[in-house]
Structures are given as C-alpha cells and as structure tokens.
Participant: 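Supplied in structure tokens, the structure appears directly below.
Order of the sequence lines sets the chain letters (A, B, ...), proteins ahead of strands, with each chain counted from 1. Note that these values count all heavy atoms, side chains included, but never hydrogens, waters or copies made by symmetry. Quick caveat: nothing in here was measured; it's all calculated off a predicted structure.
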Protein chains: 2
Amino acid sequence: MSTNHSKKPSKSDRTRGQILDAARDLFAEHGYDGASIRDVGTRASIDPAMVIRYFRSKDELFARAALVDLQLPALRVIDPATVGETLIRRFLEVWEGPASGPGMAILLRSAASNEFAAEKMREIFADQVRPVVAAVGDLADAGRRAGLISSQLLGLAMCRYVLRLPPVVALSHDEIIRNVGPALQRYATGEDTA
Amino acid sequence: MSTNHSKKPSKSDRTRGQILDAARDLFAEHGYDGASIRDVGTRASIDPAMVIRYFRSKDELFARAALVDLQLPALRVIDPATVGETLIRRFLEVWEGPASGPGMAILLRSAASNEFAAEKMREIFADQVRPVVAAVGDLADAGRRAGLISSQLLGLAMCRYVLRLPPVVALSHDEIIRNVGPALQRYATGEDTA
DNA sequence: GATAAAAGTCACCAATCGTTGACAAACGGA
DNA sequence: TCCGTTTGTCAACGATTGGTGACTTTTATC
C-alpha cells in the first residue's frame, strides 16, 4: 500500500488509468452486463486478475468509471427568459465536452438493467435540473416541470448516444439549441394549467 | 406437431401462453440479459427445458415477447393544427392500453444492450412518427422533425416506465397531453430555421 | 384397455462469468 | 549485491448461463 498522497506518477497509476479508460469505453459501448472484466483486461493489455487487484470488484470499477462527469459550476443567476436555452447549452457542453468522455453513454446503457446506474441517473436530474427549474417559478410544481425537462433531455441523449437514431445524430449543436431550447423553456415556465 | 389451424384451445397452447406471459414480465422488469430462461421457467411453473422446446431459443422467445404491440391503424387524415396532440394521445393509448401490455418496457430495457431491441425501437419511430410528420410539412426536413419528436416520446417513456422518475410517473394522461402535446406540435411544424 | 403421440422431468454439457490465491519477474533502496 | 515491495502472470474455483437429449408421465384415439 502506497497511500500515495500528493503526487507520484508511479508506474502503477498509469496502469490504473489504462484499465479505467478501457472500462469506460467498454461500459459505454456494451453496458454493465455486456462488458466483462476479461474484456476490460484484454483491451487494457493486462491480465484480468489485475483489474480486480486495482479495483476490488466489478461494481467498484463501474462506480469509478461512472463518476467522471458532469457538473458545471452551479449557475449563480438564472434569467427566467432564457432558462431553456441555458439548460440545453449546459448539458450539451457536459455530454460532448472532453471532461466527461463517454460518461453519459455509460450511465444510459446501464440504467435500464443496473439499479446503481439508474439511481445515479435520477440523482443527476434531481441535482442539476430541479434546482434550476425551482429558481424560475413557484416551488409547488417545480418537480413536475423538472420531470418534463428531464424527459426531453434524457430522450435526446438516448436517441443520440445509445439508439443512434440517424436524424438525431446528425443534428448540430446549434440546431439542437434552436429546437430543444424553446421546448425546455415552455416546460420550465409551465404555461399550461388550463 | 399439431399445425393447429383455426381454433384448438389444446392444452399446450395454454402452457405456451403462460411461458410468453412470464417472459414478457421478466423481460420488462430486468431486460434481455437480466432475465434467464430458468427464471422464465420458474415463473411459469414449468421446467426450463420446456421454454426451449416451445420457443427454439432465447432470442426467438424474446422476439415473440417483443412483438406484441403497438400500432393503431394509420390515421387517414392528419390535421396539421393538432398533430402534436394526436401523436402523444396515440402513443399513450398504445403504451398504457391493455393490448400491448408491458411491450414498451420490454424494448426500452433491452434496447441499450441488445441490438435486436434497438433496431425494433428505431423501426417503431421510423414507421409510426415519420409518416405522420412527413404529412404536415415539406419532406425535406421530415427526418429531423421526426427525430426531435421521437426523442421527446422516448424520453418520456424512459422516465415513466424504466427510470421511474417520481414526478414523471405521477403525471396524469391529461397533464402529459397538455404539456407534451404543444412541444411535439412545435417540433412537427418546425418553427425554427432562424 | 392397448398404444402412439404429446407434454413434462431430469441430468448434464460446454461456455462464460466474477473472483481468488499461488507464484514469477521487475524494481528500488540498503 | 542483496532483499523486500511492487507489478504482473497463470491456473483454477464455484456459480450461472443457454441449450441438448434421454427418459417418464399424461393424454387421446382406436
């Protein structure tokens, strides 16, 4: 045990990184069940036993692989007139920016059959869209409005990164912002209650 | 082999039905990988070997279990002014009506890691929302508009049936129609191209 | 009631899974 | 150079998977 405080680029950290990268790619492509520890080992050019030695179990490896991501600093002020556009902009940056890598695909592919991933996914929306939505309307129906927004965001990510529906993959960032932004805006300000 | 033309409630058909029902429930709850043939047998109170005898393989069983569904007769005339509401109405009926059972959940849970399910899902949207959308605007960007609509519909189903996001589960049909309808309408008529 | 087909049971195979422990090689400080 | 720690390899475990085939029981027809 090296405890390894502060900095030490010590040999093993590189291997650890390689394993994590391999795991991220495979989890993103095949989901939790579809990616075996042996596959991860092969992809990282290392014995499968090492995968377990570095991370203690497959679940722990998945947990590490899935917490890359996704959290721009909370916005200080939210302009109620542009909250929809702000939201879709933020998420696109996080999902396709270099920081999170395939992080979103990892969760999406596994959420359907892995409770840990599903819970993580619920947390993301609870922590990242609910507060924003709550800041631009009465708190009473903030949950409902946040739910509607989450459904659109998750559906977009699902079509684009998992199902790979061609016309959705083909959309540019600008097109997405121009089209989805107003829809989210409508949900956020909640102009129904007819 | 009984070929069994026309009607014969012959003993075996009942078992066949029980197996299919059990398979549908388990696939809907745990996805393709998560539901084993042994589980299906146990749930149907029958030996796992029988599951294979009735359906030749797990893939074939899944294929049977997944083709319950979902196809109201194609609408003859589509009123461009209410196409959004029409679409969300239709899908809610199919998804939660008695005919399809847990059919949508089966596909949703498996689409992430099973290519057959993913393809089936793409077909559904290609066959059911594209034509409708194409009928109410220029065909040039019908794919894009249909893609946006699909993303919202799929996200709604995902949040409601798989992720079970509480505020989305709590939505009534009327609330969904009132909120999602206009969003789909906007996508369908495509008022952007700024 | 005999008999053939249908319906159901049981034991088992080969493959794959996550995980473990015993052991060999590489490395670094003394 | 010696030696202990780190890094890695290898073979194997028990469990579970989809699938098979030999077998027995039920059912229906004559």
Participant: If you assign B:S45 and A:Y32 each to the DNA chain C nucleotide with the nearest heavy atom, which residue ends up on the more 5' nucleotide?
Facilitator: B:S45

Participant: Using atom types as modelled and distance alone, determine if a side-chain donor or acceptor of A:Q185 lies under 3.5 Å from a backbone N or O of A:V83.
Facilitator: yes

Participant: Measure CG/A:L61 against P/C:dT19 and give the value in whole Å, please.
Facilitator: 10 Å

Participant: Going by the rule salt bridge (charged side-chain N to carboxylate O under 4.0 Å, His left out), which residues pair with A:R38 if we only count those two or more places apart in sequence or in a different chain?
Facilitator: none

Participant: How many whole angstroms separate atom CD1 of A:I46 from atom P of D:dG8?
Facilitator: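 Spelled out: CD1 on A:I46 to P on D:dG8 is 5 Å.
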
Participant: Could you state the CD-C1' distance from A:E60 to C:dG18, rounded to the nearest angstrom?
Facilitator: 14 Å

Participant: Taking atom OG of A:S151 and atom CG of B:L153, what is their separation to the nearest 0.5 Å?
Facilitator: 9.5 Å

Participant: Parallel, tilted or perpendicular, judged at 30° and 60°: which one describes the rings of B:F27 and B:Y32?
Facilitator: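 B:F27 and B:Y32: parallel rings.
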
Participant: To the nearest Å, give me how far apart CD1 (A:I52) and C1' (C:dA22) are.
Facilitator: 17 Å

Participant: Closer than 4.0 angstrom, basic N to acidic O: yes or no for B:R178 and B:E175?
Facilitator: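 Result for this pair is no, no salt bridge flagged.
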
Participant: Which comes earlier along DNA chain D counting from the 5' end, the contact point of B:R53 or that of B:S57, where each point is its nearest nucleotide?
Facilitator: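 Counting from the 5' end, the first nearest nucleotide belongs to B:S57.
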
Participant: In the 5'-to-3' direction, what one-character label does each nucleotide of nucleotides 10-17 of chain C receive under the scheme B = base within less than 4.0 Å of a protein heavy atom, S = sugar-phosphate only, - = no such atom?
Facilitator: B-B----B

Participant: Are the side chain of A:R109 and the backbone of B:S113 linked by a donor-acceptor contact shorter than 3.5 Å?
Facilitator: no

Participant: Mind calculating the distance between CD (A:Q18) and C1' (D:dG8) to the nearest angstrom?
Facilitator: 13 Å

Participant: Counting just side-chain N and O atoms, does B:T15 come under 4.0 Å of either OP1 or OP2 of C:dA7?
Facilitator: no

Participant: Tell me the interatomic distance from A:R16, atom CZ, to D:dG8, atom C1', rounded to whole angstroms.
Facilitator: 16 Å

Participant: Give one of base, sugar-phosphate or nothing for B:Y54, where a contact means two heavy atoms less than 4.0 Å apart.
Facilitator: sugar-phosphate

